[in-house]
Number of protein chains: 4
Amino acid sequence: MSKNKQEDILEAAMQLFAERGYDGTTIPMIADKAKVGAGTIYRYFDNKESLVNSLFVKCVTQFSDILNSEFPGNSGDVREQFSHIFYRMFQFAKHNPYALLFIDSHCMGYYLNEESNKVYDDFLAFIIGAIEKGQERGAIRQLPSNALIAIVYGAFIMLFKMEQAGALENTGQLLEELEESCWNAVRII
Amino acid sequence: MSKNKQEDILEAAMQLFAERGYDGTTIPMIADKAKVGAGTIYRYFDNKESLVNSLFVKCVTQFSDILNSEFPGNSGDVREQFSHIFYRMFQFAKHNPYALLFIDSHCMGYYLNEESNKVYDDFLAFIIGAIEKGQERGAIRQLPSNALIAIVYGAFIMLFKMEQAGALENTGQLLEELEESCWNAVRII
Amino acid sequence: MSKNKQEDILEAAMQLFAERGYDGTTIPMIADKAKVGAGTIYRYFDNKESLVNSLFVKCVTQFSDILNSEFPGNSGDVREQFSHIFYRMFQFAKHNPYALLFIDSHCMGYYLNEESNKVYDDFLAFIIGAIEKGQERGAIRQLPSNALIAIVYGAFIMLFKMEQAGALENTGQLLEELEESCWNAVRII
Amino acid sequence: MSKNKQEDILEAAMQLFAERGYDGTTIPMIADKAKVGAGTIYRYFDNKESLVNSLFVKCVTQFSDILNSEFPGNSGDVREQFSHIFYRMFQFAKHNPYALLFIDSHCMGYYLNEESNKVYDDFLAFIIGAIEKGQERGAIRQLPSNALIAIVYGAFIMLFKMEQAGALENTGQLLEELEESCWNAVRII
DNA sequence: TATGAATGAGACTTCATTCAT
DNA sequence: GATGAATGAAGTCTCATTCAT
């Protein structure tokens, strides 16, 4: 018996949304997994859409916080900054696999409201900012920053999905190699 | 007025699935867009699941065919093979944007049957094969082939989504740069 | 098997609404009585509220048409006009008892839309008009026309309910007496 | 802050039932208006049906008491008795508008129990008794007593509703005229 | 005594699927 | 072959009622 039913509901919803998508997940499914009555969900969230948006904001915020925390801003060099972001992304993925899958599969959903979209855009903006700083210093290729994000974030997401699917076993050794690969994609050679 | 209702249905379903997902798309939506009666869909497909699987196999096969056709197999060198695959992926994306979005967002669906999963695995296997050949020849980094796929394919998908979202304008010039970036990620430097 | 399911639904809804009220009547109840599937109701009406409003407009219009038809307008004298309205009201009540009970118990409902309210107001306006004409000719007491309507219509409705409840048996003889009673209430004595 | 929560609950329920009907009123609505917790209602009433029946009995009893008190029984003449009942009805309506609306709209409810129905029948019986006495004395028309009640009570209720709806402003002058109108309806002319 | 969080039955409504035309 | 009216299972959501605090 958990003390916090709202947490239980969010956790259950996150796993189910990540696995089956928003429309493929029913309120009774969430209630069962969270071990609460179906009606209880409506004490904490106005409706299903409100639930998915609350959850989305929460997950993106967590992800963003991980990347931001201890970020070697002005002081650190570009290589170091890249490394920080890359490893923090994998750290988040490791500890919050469902959150990441949920974010990735729902970030374009027609049910997201303005706030959700803004939070997601802000999250991307942080990475874009770091990249553009790196470009100014001449360490990163002169490509549109959105393209650079796409390469690194896209590769990261796919690597994570592969690992989730059991097609890849992630060791510390491999992670270092992947980090170097991705760095090679964006740095000036 | 199309001659082939089955084609109309598949095309309508592809667009809707790509935009709203399998569970977020209803049969009446598909019938409306395809300009056929809802019952007509059941003359061509046993049910909704059968439709999404038929469509998935069709799209993956098309994608695979594009990559395979004129592939510089044993003759070509590794750099050339990589280039072929990369440009062909973008070519497919350009001409079949919905197909690619549909594949990407449905390739893990709980509703996919054995055949669909096999076709998708075979598609990945083709790329894996090319990569492993490249590794044997010493041109590509010694990472798990799944990891290498993930990096290139993940970057590609994300780039394409960015372009779809209007966050990136793809010119011939940019494409060449992106190709080089991705190559840098997997080649031995 | 009726040819017209929409009619069946309206008829079933009318009886149930009249007996149990709008909120006390469920869609499955209506579907059962109309011998259609619950979903069928939604092919003909957007939702429950739309159903009750359609029904209300239909019933009031029928009632209004009965009173209007063959109304001895400018030609007839006031006594004759009163008689016409009174007997037509009872005629409608006899042939459409549920319609009248439905109108009476739902005319103040919070679920009625603008159109419904307008149709009801127009219906009352017709009677008010007849009364005011009678007053101008000096045959009817100088009371607010709304008060006169209230007396006659209120008495009529209550008489009808009594009859419905089995507390009163309406014969032709009695009807004539009641008509005279009500006339006495509004005429100048 | 009222001393008596039971009173608060009954008052809140009366207003809501009068405005939205039994089925259109929820327990939380009543609790909110009464400023008590939803659970508190169940300390005073077994369930919603018990509440509506308690309330109905209370309201009808109040109404009946008003009509009975100081009733000019054997002594008074028929005209005086009629006058008493008529003015007392309006007095009750003025001081307890919600009670009257509630009685009128719920007196046929499927949820009323035996006691409620008996109390209501007894109430009508009192008026019937007075009427029949008047008939014996030759002052009132020889119509079924239920018909006479219906005319007077029906007219009264409708007049009251008109006033509530703002379609009629009740002055002392008008009231006297209405009383005479109604008397004309039932007396022998 | 009073509360309101929690529940689940049942409400309204949607939609995959069937079938008479 | 093609249609869309009809269906009822299942979805989202509400609310009468209970019970731990």
Side-chain angles (χ1 to χ4, degrees), chain A residues 1 3-6 8-9 22-32 34-51, chain B residues 5-6 8-9 22-32 34-52, chain C residues 1 3-6 8-9 22-32 34-51, chain D residues 5-6 8-9 22-32 34-52:
Chain A
M1 191 76 52
K3 250 178 282 176
N4 196 334
K5 284 182 193 291
Q6 182 162 9
D8 295 349
I9 292 164
Y22 174 72
D23 288 298
T25 301
T26 71
I27 294 288
M29 280 179 199
I30 297 170
D32 281 358
K35 288 180 185 158
V36 300
T40 303
I41 293 174
Y42 290 87
R43 289 201 66 74
Y44 294 101
F45 304 96
D46 284 345
N47 47 44
K48 196 183 172 187
E49 222 170 279
S50 170
L51 167 57
Chain B
K5 283 180 193 293
Q6 181 162 7
D8 294 348
I9 293 165
Y22 173 73
D23 288 297
T25 301
T26 71
I27 295 287
M29 280 181 200
I30 298 170
D32 280 358
K35 289 179 183 157
V36 300
T40 304
I41 292 175
Y42 289 85
R43 294 204 70 76
Y44 294 101
F45 305 96
D46 285 346
N47 49 42
K48 195 183 174 188
E49 221 170 280
S50 168
L51 167 57
V52 77
Chain C
M1 191 77 51
K3 251 178 282 175
N4 197 334
K5 282 180 194 293
Q6 183 163 6
D8 296 348
I9 292 165
Y22 174 72
D23 288 299
T25 301
T26 71
I27 294 288
M29 281 180 197
I30 297 170
D32 281 357
K35 288 180 186 157
V36 300
T40 303
I41 293 175
Y42 290 87
R43 289 201 65 74
Y44 294 101
F45 304 96
D46 284 345
N47 47 45
K48 196 184 173 187
E49 221 170 280
S50 170
L51 167 57
Chain D
K5 283 181 194 291
Q6 182 162 7
D8 295 348
I9 293 164
Y22 173 72
D23 289 296
T25 301
T26 70
I27 294 287
M29 281 180 199
I30 297 170
D32 280 358
K35 290 180 185 159
V36 300
T40 304
I41 292 176
Y42 288 85
R43 295 203 70 75
Y44 294 101
F45 304 96
D46 285 345
N47 48 43
K48 196 182 172 187
E49 222 171 278
S50 169
L51 167 57
V52 77

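Order of the sequence lines fixes the chain letters, A, B, ..., with proteins taken first and strands second; residue numbering starts at 1 for each chain.
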- prompt: When rounded to the nearest 0.5 angstrom, what is the spacing between NZ in Lys48(D) and OG1 in Thr26(D)?
  reply: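 So the NZ of Lys48(D) and the OG1 of Thr26(D) are separated by 7.0 Å.
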task: Any chance you could measure Thr25(B), atom OG1, to Asp23(A), atom CG, to the nearest 0.5 Å?
output: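 It comes to 8.0 Å.
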I need the [atom1]-[atom2] distance between [X] and [N], as an integer number of Å.
| X | N | atom1 | atom2 | value |
| --- | --- | --- | --- | --- |
| Met29(C) | dG10(E) | CE | P | 11 Å |
| Asn47(D) | dC15(F) | CG | P | 17 Å |
| Asp23(C) | dC12(E) | CG | C1' | 12 Å |
| Gln6(B) | dA2(F) | CD | P | 11 Å |
| Ile9(B) | dT17(E) | CD1 | P | 14 Å |
| Ile30(D) | dT17(F) | CD1 | C1' | 13 Å |

- prompt: If you look at every heavy atom in Val36(D) and Ile9(D), which pair is closest and at what distance?
  reply: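 Answer, listing the atom of Val36(D) first, then Ile9(D): CG2-CG1, 4.1 Å.
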field: Tyr42(B) to Asn47(B) - nearest heavy-atom pair and separation
entry: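 So the two residues come closest at CE2-CA, 3.8 Å.
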query: Across the strands shown, which category fits Ser50(B) at heavy-atom distances under 4.0 angstrom: base, sugar-phosphate, nothing?
result: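 If one applies the 4.0 Å heavy-atom cut-off, Ser50(B) turns out to touch nothing in the nucleic acid.
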message: Tell me whether Lys5(C) contacts the main-chain N or O of Tyr44(C) through its side chain, where contact means a donor paired with an acceptor under 3.5 Å.
response: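 Not at all, since once roles are kept as given, no pair shorter than 3.5 Å links the two residues.
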query: With a 4.5 Å limit on heavy-atom distance, are the side chains of Ile30(C) and Leu51(C) in contact?
result: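 Contact flag for Ile30(C)/Leu51(C) side chains = yes.
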query: Going by heavy atoms in the side chains, are Lys35(D) and Asp8(D) under 4.5 Å from each other?
result: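 SC-SC contact between Lys35(D) and Asp8(D) ruled out.
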query: Looking at Tyr42(C), does any N or O in its side chain come under 4.0 Å of the phosphate oxygens OP1/OP2 on dT14(E)?
result: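 The answer is no; no side-chain N or O of Tyr42(C) sits under 4.0 Å from OP1 or OP2.
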message: Quick check: on DNA chain F, is the nucleotide nearest Lys48(A) upstream (toward 5') of the one nearest Asp46(D), or the reverse? Name the residue that is more 5'.
response: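 Its nearest nucleotide being more 5', the pick is Lys48(A).
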Strictly under 3.5 Å: I want the nitrogen or oxygen pairs between protein and nucleotides 2-4 of chain E, one per line.
| residue | atom | partner | partner atom | Å |
| --- | --- | --- | --- | --- |
| dA2(E) | OP2 | Tyr44(D) | OH | 2.8 |
| dT3(E) | OP2 | Gly37(D) | N | 3.2 |
| dT3(E) | OP2 | Thr40(D) | OG1 | 2.5 |
| dG4(E) | N7 | Gly39(D) | N | 3.2 |

- prompt: Which one, dT12(F), dT17(F), dC12(E), comes nearest to the side chain of Ile27(A)?
  reply: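 In terms of side-chain proximity for Ile27(A), the closest of dT12(F), dT17(F), dC12(E) is dT12(F).
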message: Let me check I have this right: for DNA chain E, each base becomes ., (, ), [, ] or |, based on Watson-Crick or G-U pairs with both distances under 3.5 Å. What is the full string?
response: .||||||||||||||||||||
